[in-house]
Amino acid sequence: MNNLGNATFENYVGIGSGFTEMAYQMSAHVLTLGYAIMLAALLYFVLTMKTVAPKYRISSVLSVVVMVSAFLLLFVQANNWTGAFTFDSEAGVYVLGSSVDQFNNGYRYLNWLIDVPMLLFQILFVVTLTKSKFSSIRNGFWFSGAAMIITGYIGQFYEVTNPALFFFWGALSTAFFIHILILMKRVITEGKEGAPPKAQKYLGMIWTLFLFSWMLYPGAYLMPYLFSLGLEPALSESAVVARHITYTVADVSSKVIYGILLTLTAQEMSKADGYDYDSLTTTS
Ligand code: RET
């Protein structure tokens, strides 16, 4: 009799039907792509630092912090996947190994604990708030960001063994998420006032990207239930692969593309402030 404790559904698939070559490798590859992109983007943020006026450079520094922590934690997360399952040549599938660490997405959650506050603060160094107080928005981001992740982290342990607790912690986490969305909408609306037209356009794009990419995380949390559309989690390898892909798309969008759009916004604002990197380099 197997006892997986509070393991997540990936492990239950691994001990049940197992993973076909395609599902196992697609998962391993998409996890690897995730951390490779973080290392590549790290260089982008370092190398473009000087293209914005000094006062906006903290935004690039925060992207660098996000890239380093994401690279390390996603690297460990990918190794957790390959370490948890072994190939069974008789059955022709990958199965949960014995006496190994089971798979858990917890490394991701710990990465968010660092990155979510950084990503939320980052925009505050680019825009100028017209009505709200910097410190009250910052504290709201801080508090609700950490609370959203910690409650979700607890909930994910129950996704197979106790759906009621899984949904309870997920709902609590969602309440903090809604608070973050309200604060971010306010920051972007106020930030657009008085910004040059091109920067306003980028800020509009940032809001759309923010909504899309941050919503993917609760989608990935719910994945076993999105595949079953019932009160029992679907123990399907497609749902496992879908979760890995969703998290990777979400990470690249919410950290890398978001950071690039903030760099472009800051470049426009720098020009409006009289700091034009293009002309600085051509005249010197
Ligand atoms: C959880 C639990 C279920 C409910 C909700 C969640 C939201 C997670 C979010 C995470 C964002 C992470 C980012 C990381 C970047 O590094 C915790 C999955 C609402 C929004 C942006």
Self-check item: Output field: ring centroids W112/Y247 closer than 6.0 Å
Solution: yes
Quiz prompt | Close side-chain approach of N104 to F157, heavy-atom, < 4.5 Å | solution = yes
Quiz item: Could you give the distance from CG (L165) to CD (E159), rounded to the nearest 0.5 Å?
Solution: 13.0 Å
Quiz item: Nearest 0.5 Å, what's the CG-NZ distance between L261 and K201?
Solution: 10.0 Å
Quiz item: Under a single-linkage definition using a 4.5 Å side-chain heavy-atom cutoff for Ile, Leu, Val, Met, Phe, Trp and Tyr, are M223 and V240 assigned to the same hydrophobic cluster?
Solution: no
Quiz item: Would a line drawn from the ring center of Y225 to the ring center of F166 be shorter than 6.0 Å?
Solution: yes
Self-check item: Test log, rule side chain to side chain contact (heavy atoms under 4.5 Å, CB included), inputs I188 and M184
Solution: CA-CA 6 Å; I188 291 188; M184 187 52 112; 4.2 Å; yes
Quiz prompt | Atom of L73, atom of L110 and distance for their closest heavy-atom approach | solution = CD1-C, 4.2 Å
Quiz item: Do D115 and S69 have side-chain N/O donor and acceptor atoms under 3.5 Å apart?
Solution: yes
Exercise. Indicate whether any N or O donor in one side chain lies under 3.5 Å from an N or O acceptor in the other, for T8 and Q156.
Key: no
Quiz item: Could you state the interatomic distance from CZ (F227) to OG (S238), rounded to the nearest 0.5 Å?
Solution: 5.5 Å
Quiz item: Hey, is the main chain of S59 close enough, under 3.5 Å, to the side chain of Q122 for a donor-acceptor pair?
Solution: yes
Quiz item: How many angstroms lie between CG in L129 and CD1 in I123, if you round to the nearest 0.5 Å?
Solution: 9.5 Å
Quiz item: If we only count heavy atoms from C-beta on, is the L235 to F9 side-chain gap below 4.5 Å?
Solution: yes
Quiz item: Could you give all pairs that pass the salt bridge (Lys or Arg N to Asp or Glu O under 4.0 Å) test and reach residues 10-20, with sequence neighbours left out?
Solution: E10-R243
Quiz item: Taking all atoms of both residues into account, what is the closest heavy-atom pair of A41 and V256, and its distance?
Solution: CB-CG1, 3.7 Å
Quiz prompt | Derivation and outcome, side chain to side chain contact (heavy atoms under 4.5 Å, CB included), residues I149 and Y109 | solution = CA-CA 6 Å; I149 294 155; Y109 285 72; 4.3 Å; yes
Quiz item: Under 3.5 Å, is there a donor-acceptor pair between the side chain of D88 and the main chain of V93?
Solution: no
Quiz item: Are the side chains of L74 and M38 in touch, meaning some heavy atoms are under 4.5 Å apart?
Solution: yes
Quiz item: If Ile, Leu, Val, Met, Phe, Trp and Tyr residues are connected whenever their side-chain heavy atoms lie under 4.5 Å apart, and connections chain through other members, are F121 and F134 in the same group?
Solution: yes
Quiz item: So, do Y56 and F125 have ring centers that fall under 6.0 Å from each other?
Solution: no
Self-check item: Of all pairs that satisfy salt bridge (Lys or Arg N to Asp or Glu O under 4.0 Å), the ones with a partner from residues 117-140, not counting sequence neighbours
Solution: K131-E193
Quiz item: Quick one: CZ on F167 to CG on L222, what's the gap to the nearest 0.5 Å?
Solution: 6.0 Å
Quiz item: V66 and F45: side chain to side chain contact (heavy atoms under 4.5 Å, CB included), yes or no, with the steps?
Solution: CA-CA 10 Å; V66 167; F45 292 114; over 6 Å; no
Quiz item: Is any side-chain heavy atom of M148 less than 4.5 Å from a side-chain heavy atom of Y217?
Solution: no
Quiz item: With a 6.0 Å cut-off on ring centres, are W207 and Y202 close enough?
Solution: no
Quiz prompt | Atom CZ of F143: over 12 foreign heavy atoms under 6.0 Å | solution = no
Exercise. Return yes when atom CG of L231 has more than 12 non-hydrogen atoms of other residues, nucleotides or ligands closer than 6.0 Å, and no otherwise.
Key: no
Quiz item: Is there a donor-acceptor pair closer than 3.5 Å between any side-chain N or O of S173 and the backbone N or O of W169?
Solution: no
Quiz prompt | Pair Y35, N79: side-chain N/O donor-acceptor within cut-off below 3.5 Å | solution = no
Quiz item: Do V13 and Y94 come within less than 4.5 Å of each other through their side chains, counting heavy atoms only?
Solution: no
Exercise. Find out if a path of hydrophobic residues (ILVMFWY) with successive side-chain heavy-atom gaps under 4.5 Å connects I245 to I257.
Key: no
Practice problem: Please lay out, stage by stage, how S17 and E237 fare under the test side-chain hydrogen bond (donor to acceptor under 3.5 Å, both in side chains). | Solution: CA-CA 9 Å; S17 57; E237 63 172 21; 5.8 Å; no
Practice problem: Step by step, work out the side chain to side chain contact (heavy atoms under 4.5 Å, CB included) result for L42 and V64. | Solution: CA-CA 6 Å; L42 169 66; V64 167; 3.7 Å; yes
Self-check item: A239 backbone acceptor or donor facing S236 side chain under 3.5 Å
Solution: yes
Quiz item: So, Q200 side chain and A195 main chain: donor-acceptor pair closer than 3.5 Å or not?
Solution: yes
Practice problem: Kindly check if the number of other-residue, nucleotide or ligand heavy atoms within 6.0 Å of OH (Y107) is above 12? | Solution: no
Self-check item: Modelled atom types, side-chain donor and acceptor of S63 and Y258, under 3.5 Å
Solution: no
Exercise. Would you name the heavy atoms of R108 and T248 that are closest together and state the gap between them?
Key: NH2-OG1, 4.3 Å
Practice problem: Could you note down all residue pairs passing salt bridge (Lys or Arg N to Asp or Glu O under 4.0 Å) where residues 90-107 supplies at least one of them, sequence neighbours left out? | Solution: none
Quiz item: Any donor-acceptor pair under 3.5 Å linking the side chain of D273 with the backbone of Y275?
Solution: no
Quiz prompt | Closest contact, heavy atoms only, G145 versus V116 | solution = CA-CG1, 3.9 Å
Quiz item: Do other residues, nucleotides or ligands put more than 12 heavy atoms under 6.0 Å from M49 CE?
Solution: yes
Self-check item: Expected output: side-chain E268 to main-chain K198 donor-acceptor under 3.5 Å
Solution: no
Quiz prompt | Note, P196 side chain near M269 side chain (heavy atom, < 4.5 Å) | solution = yes
Self-check item: Common cluster, F212/L264, ILVMFWY with side-chain heavy-atom separation under 4.5 Å
Solution: no
Practice problem: Might you point out which heavy atoms bring G14 and F85 nearest each other, and give the distance in Å? | Solution: CA-CE2, 3.9 Å
Quiz item: What is the distance from atom OH of Y221 to atom CG of L226, rounded to the nearest 0.5 Å?
Solution: 12.5 Å
Quiz prompt | S132 backbone acceptor or donor facing S136 side chain under 3.5 Å | solution = no
Practice problem: Go through H29 and Y24 one step at a time and tell me if the ring pair (Phe, Tyr, Trp, His ring centres under 6.0 Å) criterion holds. | Solution: CA-CA 9 Å; H29 295 160; Y24 172 84; 8.6 Å; no
Quiz item: Tell me, do V127 and E190 make a side-chain contact under 4.5 Å, heavy atoms counted?
Solution: no
Practice problem: Using a 4.5 Å cut-off on heavy atoms from C-beta on, say whether the side chain of D276 contacts that of S270. | Solution: no
Quiz item: Under a 4.5 Å side-chain heavy-atom rule over Ile, Leu, Val, Met, Phe, Trp and Tyr, are M215 and F141 clustered together?
Solution: yes
Quiz item: What closest approach, in Å, do A78 and L31 show between heavy atoms, and which atom pair accounts for it?
Solution: CB-CB, 3.8 Å
